[in-house]
Amino acid sequence: MSKPSVLVVCLGNICRSPMGEAVLRHVAKERGIDLTVDSAGTSNYHIGEDPDDRTVATCRKFKVPIKHAARQVQPEDFRQFTHILAADEANLRSLNRMKPRDATAEVRLWGSYLDNEPIGDPYYGGMKDFEEVYHQCVKLSNAFLDEVIGQSTQGVE
């Protein structure tokens, strides 16, 4: 199997997806998994911007490194990454609409690896909402890695 590579996607690429990218990279590293992770948005609202200050503060609180400049999903992402994970159904629909015919990436709702729940957009909420997204990203990261890589990578056979 080729090395998995993941693109985490939300609408603006400043809240959910950069946090998801940082958390998935962190969880994979803790589990000893070599994984390429990036994030992008389906919209062009925030291209070039840093993640939302509350996203950064939440990641720092849980000691998860985060550094990202917002970008929009590009056609080559569907060939460059093995997996594209949508934060919610609206972004999944957008991804499927923009997916080129020669796409090789598996495009799924990230929640489909666990409970089929979307990641709610915390943008108009408070720190509590961002921390809920963080905890959901940790669970989804482990569920994704369990399915794609296998549970034995956790160091316990």
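The structure presented is a predicted model; accordingly, all values stated were derived computationally and were not measured.
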Using atom types as modelled and distance alone, determine if a side-chain donor or acceptor of [X] lies under 3.5 Å from a backbone N or O of [Y].
X: N13; Y: V9; result: no
X: Q72; Y: G41; result: no
X: D77; Y: Q74; result: yes

Could you tabulate the donor-acceptor pairs under 3.5 Å formed by side-chain atoms of residues 119-129, not counting sequence neighbours?
from: D121; atom 1: OD1; to: Y123; atom 2: N; distance (Å): 3.0
from: K128; atom 1: NZ; to: E132; atom 2: OE2; distance (Å): 2.9
from: D129; atom 1: OD2; to: G126; atom 2: N; distance (Å): 2.7

Flag yes if [X] and [Y] sit in one hydrophobic cluster, no otherwise; membership is Ile, Leu, Val, Met, Phe, Trp, Tyr, and two members link when side-chain heavy atoms are under 4.5 Å apart.
X: L7; Y: V148; result: no
X: I66; Y: V138; result: no
X: I33; Y: L85; result: yes
X: I84; Y: I149; result: no

Side chains of [X] and [Y]: closer than 4.5 Å at any heavy-atom pair?
X: E117; Y: L140; value: no
X: E21; Y: D38; value: yes
X: V27; Y: F144; value: no
X: I14; Y: Y45; value: no
X: R54; Y: V133; value: no
X: R16; Y: W110; value: no
X: V23; Y: Y134; value: yes
X: R25; Y: V8; value: no

[atom1]/[X] to [atom2]/[Y] distance, rounded to the nearest 0.5 angstrom?
X: C15; Y: H46; atom1: SG; atom2: NE2; result: 7.5 Å
X: L92; Y: L109; atom1: CG; atom2: CG; result: 6.0 Å
X: R108; Y: L95; atom1: CZ; atom2: CG; result: 14.0 Å
X: T36; Y: L24; atom1: OG1; atom2: CG; result: 10.5 Å
X: N44; Y: L11; atom1: CG; atom2: CG; result: 9.5 Å
X: Y113; Y: N142; atom1: OH; atom2: CG; result: 14.0 Å

Please find the pair of heavy atoms, one from [X] and one from [Y], that lie closest to each other, and give the distance.
X: A22; Y: P65; result: CB-O, 3.4 Å
X: K99; Y: A103; result: CG-CB, 3.5 Å
X: G12; Y: A70; result: O-CB, 4.0 Å
X: P100; Y: R79; result: CG-NH1, 3.6 Å
X: G20; Y: C137; result: CA-SG, 3.7 Å
X: F130; Y: T55; result: CE2-OG1, 3.3 Å

message: I'd like to know whether the aromatic ring centres of F62 and H26 sit less than 6.0 Å apart in this structure.
response: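 Centroid distance F62-H26: not below 6.0 Å, so no.
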Test log, rule side-chain contact (heavy atoms from CB on, under 4.5 Å), inputs L145 and L35: CA-CA 10 Å; L145 293 170; L35 186 70; 3.9 Å; yes
task: Could you walk me through whether V73 and F78 pass side-chain contact (heavy atoms from CB on, under 4.5 Å), step by step?
output: CA-CA 9 Å; V73 175; F78 292 90; 3.7 Å; yes
- prompt: Does R60 CZ have over 12 foreign heavy atoms under 6.0 Å away?
  reply: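 Count not over threshold, so no.
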message: Is it the case that atom CG in D53 sees more than 12 heavy atoms from other parts of the structure closer than 6.0 Å?
response: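 Not buried by this count: 12 neighbours or fewer within 6.0 Å.
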Side-chain ion pair, K139 and D115, N-O less than 4.0 Å: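 Salt bridge absent between K139 and D115.
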